[in-house]
Amino acid sequence: MIEFINFYLVPGFAIGSVYALGAVGISMIFGILRFAHFAHGDLMTVGVYGVFAATVVFPVNPFLLVPVGMALAIFAALFVDKVFYQPLRKLPTIYTVISSFGVALIFRSLIQIIGGSENRVFGSGIRPPLILFDTFRLSSLHVQAVTTTAVIAVVLHIFLSKSMTGRSMRAVADDPELAQISGLDTEKVVRWTWIIGAALAAIAGVFAGLDTSAHPNLGWNLLLPMFAAAILGGIGKPMGAMAGGFIIGLAEELSSYHWIGESALISPSYKTAVAFVIMIALLIFKPQGLFKGRLL
Amino acid sequence: MRKLTTMIATAALLASTALVSAADTKVGILMDITGPIANFIPPIQNAANLAVKQVNAQGGLLDGSAIAVYGDTTGTSQGAVDAAQKLVNIENVPFVMGALMSGTTIAAAEAVFIPAGVVQLSPTATSPAMTDLKDNDLVYRIVPSDNYQGEILAKMVLAEGIKKVAVTFVNNDYGVGIGNTFIDAYKAAGGEVVAQAKHEEKKDSYRSELASLTKGGAEALVVVAYAGDSGGKIVKQAAEGGLFSRFIGTDGLRDDLLIKNVGAEILKTSFFSSPTSPGDNPAQGILHKAFNAEYGGGADKAFVDQTYDATFLTMLAIEKVGSADRSKMAIALRDVATAPGIKVGPGEWKKAKALLSEGKDIDYDGAGGAYEFDANGDVSGFIGKFVVDGDSYKQTEIVE
Amino acid sequence: MELTGLFFYLVSILIAGGIYSLLCLGLNIQWGMGGVFNAGIAGFFATGAYASAILTTSTSAKHIGGFDLPVLAGLLGAGIISGCVGWAVAKICIRLKSDYLAMASIGIAEILRLVIVNESWLTNGSLGLSGVPRPFAGLASGRTADIVFLVFIWVIVIAVFFFSQRLYDSPWGRSLRAIRDNEQSASAAGKDVEKFRIQTFAIGCAIMGIAGGLSAHYFRFLSPSATDPLLVTFLVWVMLIAGGSGNNRGAIVGALSIWFLWSVTEIFTNRLPPEWITRSSFVRMLLVGLLLQYVLQRFRAGIIPEKAPKLRYSEEE
Amino acid sequence: MSVLLEVKDLTAGYGGPAVIEGISFDVFTNEIAVILGPNGAGKSTVIKTIFSLTNVLGGSVQLDGKTITDQKTSKLVTMGVSAVPQSHNVFPNLTVDENLDIGTYAAPPVDKMATREIILGLFPDLRDKLKQPSGELSGGQRQMVAIGRALMCEPTLLLLDEPTAGLSPAYLERIFDLLLDVRKTGVTILMVEQNARQALQIADHGHVFVNGKNFISGTGQELLADENVRNSFLGGAAS
């Protein structure tokens, strides 16, 4: 049981919080701009490298420099939206999807040209775990990741349900045509979508980078499970995406627990497949996602 | 746009003619620069560049300079074939150093280099499948096949008195090759593998794999993976979780990055196997000193030695032939790499060039070994045992 | 740069271009004719590659098969197996709306990749299959063998092209386009929309499988690193969009021109000054990314747009 | 009576051929005007064109003497024009209260709470559903939410596209009664309707279009009495 909590449940929540923060952006972009944003993982990487560049200039705790990464990611997102995505907005979504794939290549190659492609570690040495009641071994980073994600979830929820911008965003995600007819400022909504999506992606990227190491493929490698999380939560439902992220994270980790007998239920090599099987099953049986997202 | 394209094209071609004068010789270097192993590439590329730089500083290649021409496989067979075609047909290189991954190396060899009759020397491809290629004596490598390191590692572990281990290996040609050989050899020699798990690259958490590996009370964890990817994460997460205290790794894990990542303290009792050179080989020290002087560190990264040596050997072979004649490269490579002959080592281009011009036979013994090719173009090599010493590694023993 | 070198480079571009042309033709049946959004191209490509390789290699102790069949039988098997996988996938997923279908197909491609990497009894896992034969290997040796293979590939491409043309103009193709352009009215007109879409998906996947098989025979060696799954999917989409979706000629032209651009960029980035040598590959990726944006913004209708008038429906009332 | 909206020689479409050609009519201040016609006559297109949702190919629309043909939809909302589309007219995942709130964003009313009270007074059914997602409401209630949302910005002109489509006869009557109440608050209403007879009974003016062209215009009573209109659109003789 202790083993289950320490090595399956808690890591599941930790990786889940990375997926959750990344999936929020994917879900909102999918809901509001109506395309699968393939550059979202690389947007995470952009944020991580922003933080990394800042730590070189100001050698303080990387957590204090996360705003730098967020700012860089937001700038990058708004820039590519303006230059690459906006001209394609009236065309079928496949154009924007392909364009975002190209943007992913652009982000990654720029990071590699400027930052080099080596692994970079934020801090040396292992972080001794927090030991509670002599049994629970928690990595302090995981605790930080999960609590930060929880706080963000609450703030995001308040923003989306109470503020004018938040409500407008949900309205556009619900029905873009009606939002236009209602005279909502869709461009402003689009802007905020990018700002929130990119900022959260940067935070997610930093957690992933701190947990292991930062490298140019960091975000790209996380992209597919984040998509699965966004779909699971229902398109255009940021809170659903959060839940979806945790579900995918937990499913990946828990699927290899020895539920029956001695050996892993599903070989850990198939972790990623578990996420997709869940996603596909959900798409077939409950296409709006768990939280009634919009049907495209 | 058309105008622009034409202009760029013309400018590029002009630039190329400006760079390569008639006397210069292109050296083909095929690497998996972008793609899945991009994060390992920079020091490896530096190693190749260092060799070219030293050659040019010490008299150049043939009658001019050596020019490194890179092909990027993008880490895929398809990209490897495309890049190889360009090296062979557009750049017209006489000899190709590379590629790094076994998959890309074999695909490029099968589809391009063997049909075109170009010699290929891989510094790192360890797949046993390369031994059996019908390659017309064109495909070489300077690392021992996976089978070899796996067997030696098994001996090493038993010699330490470790009778029960858990094994995890990365699910690619490198990990599976060494991992499976190790398990077979270890069991055959009386060791007990209490748990084993193949793992996927690029994941962020390996804690669940680790939890299952702890079952059975292994004395140590054998990790066949790269420090820059899953290997480093596994050691770190195992140490953080207090699951294992002793780690045994291969050359992929024996990387300064690992020490930087988890700290030397954790690795006190750990040891690593890595291809090395026989006896007290000063060549490695010389190379590492030159490398660190040039690039400010990183000489200890995986495959730096082998890549430098392969690039150096490539140029020695070209120098030996005396022209860019592709058909003579294979024999020349065997000549300059294998005994007998006057010994030359890393950085000794001037000496080698002088000897070759006098028609003397030379024998390059590199930082990573002596490189005596067998009939298949493989080397047997030596495997060294390394332990952590400060923020670097120290070789304590050599197993043949 | 000598002329024979240039010639053989051209041959290699046309071989790879031919493989991509097949993928594009397959995708064109799915998307251009049927409006089915398949984002798992790589999965079906890999399935076909492994099917053909396993069927045609000689027996091995390390994995299943080694059936030592002739290459044509291998390719046929690749088409059938990929087609069947496609059919099964379509049977489950075809009801999904376009973007969800895309996501599901990405997921399925990823699952197929994991199966290939992990099930070593079937595929020899990450160590790969070596000794995959080329067709008509006895006819020529060395580099000239590539010319034989080039002809072989293009015979298949042209055959598939005529097949697609026939399909496009057949009653089946017309119904398909009607469904693509307006699903509701087509289903109101009594077409079994779902059945049509499943058929399209399966036929497209079969063609992609043949393309995969051809690539295995070209490389002569097949390992999970044969292609980057997302990259190949993405490239094929770019090719089809650039060439003009809905048009078979456009699919081929798009495949050849985009592959050509993709390949030659490296020749230019290799001419960068020496300080850039370690970064030239990334400069190339950057260039490819930017070039793509240019194609999307300037050639959005495709180099050769669909000629047949679309079966328009009034958007009003 | 002064003219609020003047449509002159309006030709428009969706990028392809023109759907309406040379349409002209006037809407007077504080009246209910209804647009009638057979399927495919371009009725909805007229409404959409006034609201700048189509491509205008010729002619003009003037609101209070100002040309609005080239204004953006969002600008029109601030100029006092509100619209309710035929279907998908509420944000299903937003609560009723949030839906009403959305109506105020583009053109904030002077006193939001007071306007909300007036609207809830008009549609008392909505009062105890305020916290419910509007996607869970019945068709008639959704229509009320939609009209309520459109009224939240205190428009002078309300455009309705078939507000009674798909509603039960009982609800249809209620909606029409509500529209009369809405007019009492000083709003001018222009609507498209299929239920021609009932619509003409409450309408001040009716405009009939056929094949995208003007066919006949007149007061509600005139049209109800017109033989041509009766035969074509009202299902024969008046009962």
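Bear in mind that the values here come from a model prediction, so they are computed numbers and not experimental data.
- The main-chain N or O of C/Gly128 is never found under 3.5 Å from a side-chain atom of B/Asp173 such that the two would form a donor-acceptor pair.
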Quiz item: Can you list the steps and then say if C/Arg284 with B/Thr74 is a side chain to side chain contact (heavy atoms under 4.5 Å, CB included)?
Solution: CA-CA 11 Å; C/Arg284 174 188 178 211; B/Thr74 68; 4.2 Å; yes
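- In this structure, B/Ile106 and C/Phe219 have side chains that are not in contact, with every pair of non-hydrogen atoms separated by 4.5 Å or more.
- For B/Ala116, the parts sitting under 4.5 Å from any heavy atom of chain C are the backbone and the side chain alike.
- C/Arg220 places no side-chain N or O within donor-acceptor distance of the main-chain N or O of B/Ala111, the cut-off being under 3.5 Å.
- In this structure, chain B has heavy atoms under 4.5 Å from both the backbone and the side chain of C/Asn118.
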Quiz prompt | side chain to side chain contact (heavy atoms under 4.5 Å, CB included) between B/Leu133 and C/Phe221, worked out | solution = CA-CA 10 Å; B/Leu133 282 184; C/Phe221 171 75; over 6 Å; no
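- Within the 4.5 angstrom heavy-atom criterion, only side-chain atoms of C/Arg134, from C-beta onward, approach chain B.
- Distance check, rounded to the nearest 0.5 Å: CG of B/Asn171 to OG of C/Ser120 gives 8.0 Å.
- Atoms NZ and OG, from B/Lys86 and C/Ser12 in turn, are 8.5 Å apart once rounded to the nearest 0.5 Å.
- Evaluated for a side chain to side chain contact (heavy atoms under 4.5 Å, CB included) with C/Arg143, the options B/Asn89, B/Ile114, B/Val112 yield exactly one hit, B/Asn89.
- Distance check, rounded to the nearest 0.5 Å: OG1 of C/Thr269 to CG of B/Asp72 gives 8.5 Å.
- Within a 6.0 Å sphere centred on OH of B/Tyr295, heavy atoms belonging to other residues, nucleotides or ligands number more than 12.
- The shortest non-hydrogen separation linking C/Ser223 to B/Ser77 is OG-OG, 4.3 Å.
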Quiz item: Does the side chain to side chain contact (heavy atoms under 4.5 Å, CB included) test come out yes or no for C/Val117 and B/Glu200, once each step is laid out?
Solution: CA-CA 9 Å; C/Val117 177; B/Glu200 279 296 290; 3.9 Å; yes
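- In plain terms, the two heavy atoms of B/Gln85 and C/Phe8 that are nearest each other are OE1-O, 4.2 Å.
- When heavy atoms are compared at a cutoff of 4.5 Å, B/Ala108 does not approach chain C at all.
- To the nearest 0.5 Å, the span separating OH on C/Tyr9 from CG on B/Leu87 amounts to 11.0 Å.
- Looking at B/Asp132, there are no atoms closer than 4.5 Å to chain C (heavy atoms on both sides), in backbone or side chain.
- Using a 4.5 Å cut-off between heavy atoms, C/Leu114 contacts chain B through its side chain alone, with no backbone atom that close.
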Quiz item: Please walk me through it: do B/Ile90 and C/Leu6 pass side chain to side chain contact (heavy atoms under 4.5 Å, CB included)?
Solution: CA-CA 6 Å; B/Ile90 301 287; C/Leu6 210 58; 3.6 Å; yes
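- No part of B/Ala109 comes within reach of chain C, as not one of its non-hydrogen atoms sits under 4.5 angstrom from that chain.
- Closest non-hydrogen pair, C/Tyr20 versus B/Gln78, comes out as OH-NE2, 2.9 Å.
- When each of C/Glu266, C/Met285, C/Arg298 is scored by its heavy-atom pairs under 4.5 Å with chain B, the top score falls to C/Glu266.
- Looking at B/Thr73, neither its backbone nor its side chain comes within 4.5 Å of chain C, counting heavy atoms on both sides.
- Residues B/Tyr70 and C/Asn270 come closest through the heavy atom pair O-ND2, 2.8 Å.
- Proximity to chain B involves both the backbone and the side chain of C/Ser263, based on heavy atoms less than 4.5 angstrom apart.
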